[in-house]
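What follows is a short report on a single structure.
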2 protein chains.
Amino acid sequence: MKIQDFPTNSFIVKTADLEARVPEGEQSDLRLWLRLLSCTTLIENEIRSRLRREFKTTLPRFELMAQLSAHPDGLMMTTLSRNMLVTNGNITGITDQLEKEGLVERQRQNHDRRSSVLKLTPEGEKQYQRMAAAHEEWIRGFLGPLCEANKEMLASSLSELKMVAHLQVNTPAQ
Amino acid sequence: MKIQDFPTNSFIVKTADLEARVPEGEQSDLRLWLRLLSCTTLIENEIRSRLRREFKTTLPRFELMAQLSAHPDGLMMTTLSRNMLVTNGNITGITDQLEKEGLVERQRQNHDRRSSVLKLTPEGEKQYQRMAAAHEEWIRGFLGPLCEANKEMLASSLSELKMVAHLQVNTPAQ
DNA sequence: TATTGTTATACTCTATAACTATA
DNA sequence: TATAGTTATAGAGTATAACAATA
């Protein structure tokens with residue numbers, strides 16, 4: 001399919017060529033990183049776009065609801081901020097939105113009255129389930145066609161990378 | 001190292017546990033995706049943060065300069081928007097900033113007077129080189145410790161994923 | 001007619017930091 | 001003193017869409 005076949009306006013042909021800035025052939029860590037980043041960004045952008053178009057929502061909102069759905073007993077906002085890699089203040093903001101829409105609720109704790117536990121409301125859970133089904137389908141569309149061998153390799157190399165990266169990132173540098 | 005050992009304020013302990021929302025053990029496409037996303041986001045956030053702290057700049061600005069540095073003859077803004085996966089309007093905005101700071105310049109084309117070609121100025125190239133050196137060092141910190149075998153597996157599985165994902169994304173769906 | 005780039009708008013996310021209430 | 005969460009602020013990035021100039 002050629003570029004010319006696509007509608008032209010507000011449609012980006014996704015070439016994701018971050019890698020284009022590294023000399024051909026060279027197998028550097030940088031090149032590997034750019035390939036990783038290209039793949040992820042490509043898919044992530046598409047998911048953001050579909051969430052917005054089909055469910056009028058955003059990725060952070062979706063991820064927050066996903067975390068809550070996986071923890072029916074609720075989660076502290078601090079835990080959410082760690083899992084989702086954003087600051088406390090951001091969680092407050094997203095929670096405010098979702099609570100106003102009746103999708104999540106804060107439950108004050110008696111044993112520690114500083115904290116509240118966040119849960120999906122039944123309506124929130126219902127909406128989440130619809131989105132999650134579509135989301136999982138999308139992901140299958142992206143990753144499904146990979147051959148089994150590659151999936152396993154990806155999973156295991158990423159699992160090493162995850163450990164290594166955590167170490168790097170959480171070691172107060174300098 | 002324990003959580004308690006970290007400074008507490010405006011410091012997020014990076015656990016990147018997006019994966020925590022998928023049942024243990026299950027080897028699904030979704031789980032693989034979340035692992036991919038966690039790793040990338042973790043590293044990407046850290047890079048954004050270091051770019052801001054050490055060079056007072058942002059990832060999109062850095063990436064735009066990287067693209068230009070790799071193409072000394074300059075690039076059309078449309079090409080940039082495709083490579084960087086953002087819309088034309090965004091490229092205009094970032095370019096405006098960088099041009100005002102004297103780091104890039106627009107060169108009007110004679111043979112096609114709609115388009116301009118974007119180039120780094122000498123000062124832009126100089127600044128970019130400093131940032132690129134640090135950036136590459138950071139990436140080596142993250143990916144370097146991976147064993148060779150894993151790097152090769154990653155590179156080849158990602159290269160398949162990149163193709164597959166491009167297809168998925170650029171095929172007008174439904 | 002299609003393409004390149006600009007402009008305008010509105011919104012979300014984000015970091016940062018000061019703050020409160022509680023532990 | 002440390003922690004959980006809130007508030008306020010300012011800024012960047014983003015999509016979207018209408019637009020001008022040119023091809």
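Throughout, protein chains are lettered first and strands after them, A, B, ... in sequence-line order, and every chain is numbered starting at 1. Predicted model, so just to flag it, every value in this text is computed and none were measured.
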Rounded to whole Å, the CG-P distance (A:Asp96 to C:dC13) equals 12 Å
With a 4.5 Å cut-off on side-chain heavy-atom distances among I, L, V, M, F, W and Y, is there a chain of contacts connecting B:Leu37 to B:Val164?
no
Residue pair A:Arg48/A:Arg114 against DNA chain C: nearer the 5' end by closest nucleotide is A:Arg48
Which of D:dT7, D:dT22, C:dT6 is nearest the side chain of B:Asp112? It is D:dT22
Categorize B:Thr92 for me: base, sugar-phosphate, or nothing, with a 4.0 angstrom heavy-atom threshold over every strand shown.
base
Rounded to whole Å, CG of B:Asn45 lies from P of C:dT16 at a distance of 11 Å
Would you please confirm or rule out a distance under 4.0 Å between OP1 or OP2 of D:dT22 and any side-chain N or O of B:Ser115? no
- Query: Does A:Arg113 make a side-chain donor-acceptor contact with the base of C:dT22, cut-off 3.5 Å?
  - Reply: no
Using atom types as modelled and distance alone, determine if a side-chain donor or acceptor of B:Thr121 lies under 3.5 Å from a backbone N or O of B:Gly102. yes
_Test side-chain contact (heavy atoms from CB on, under 4.5 Å) on A:Glu136 and B:Asp29; report intermediate values, then the result._
CA-CA 8 Å; A:Glu136 199 165 345; B:Asp29 290 338; over 6 Å; no
A:Met84 CE to C:dA15 P, in whole Å, measures 11 Å
Against the side chain of B:Arg52, the closest entry in C:dA15, D:dA12, C:dT14 is C:dA15
Atom CZ of A:Arg50 and atom C1' of D:dT14 are separated, to the nearest Å, by 19 Å
In whole angstroms, the gap separating P of C:dT6 from CE of B:Met76 amounts to 11 Å
Original post:
Counting just side-chain N and O atoms, does B:Thr87 come under 4.0 Å of either OP1 or OP2 of D:dT16?
Top reply: no
Picking from C:dT14, C:dT22, C:dT4, the nucleotide nearest the side-chain atoms of A:Val86 would be C:dT14
* Asked: How would you label the contact of A:Ser49 with the nucleic acid (heavy atoms, under 4.0 Å): base, sugar-phosphate, or nothing?
  -> nothing
Here the distance between atom P of C:dG5 and atom CG of B:Leu75, to the nearest Å, is 11 Å
Paired with B:Leu80, the side-chain contact (heavy atoms from CB on, under 4.5 Å) test is passed by just one of B:Leu75, B:Asn88, B:Val86, namely B:Leu75
Next on the checklist: For the backbone of B:Asn45 and the side chain of B:Ser49, can you confirm whether one donor and one acceptor N or O come within less than 3.5 Å of each other?
Outcome noted: no
Winner on side-chain proximity to A:Thr58, out of D:dT16, C:dC13, C:dG5, is C:dC13
Here the distance between atom C1' of D:dT14 and atom CD of A:Glu44, to the nearest Å, is 13 Å
In numerical order, the residues of residues 97-108 of chain B whose heavy atoms come under 4.0 Å of DNA chain D are B:Gln97
Those residues at least two apart in sequence (or on a different chain) that pass side chain to side chain donor-acceptor pair (under 3.5 Å) with A:Glu137 are A:Arg140
From the candidates D:dG5, C:dT14, D:dG13, the one with an atom nearest any side-chain atom of A:Asn90 is C:dT14
Between A:Ser69 (side chain) and A:Ala66 (backbone), is there a donor-acceptor pair under 3.5 Å?
no
| said: Regarding A:Gly89, tell me which of base, sugar-phosphate or nothing describes its non-hydrogen contacts under 4.0 Å with the strands shown. | reply: base
In whole angstroms, the gap separating P of D:dA12 from NZ of B:Lys56 amounts to 13 Å
Please confirm whether the backbone N or O of A:Ala155 pairs with a side-chain atom of B:Arg35, one donor and one acceptor, at under 3.5 Å?
yes
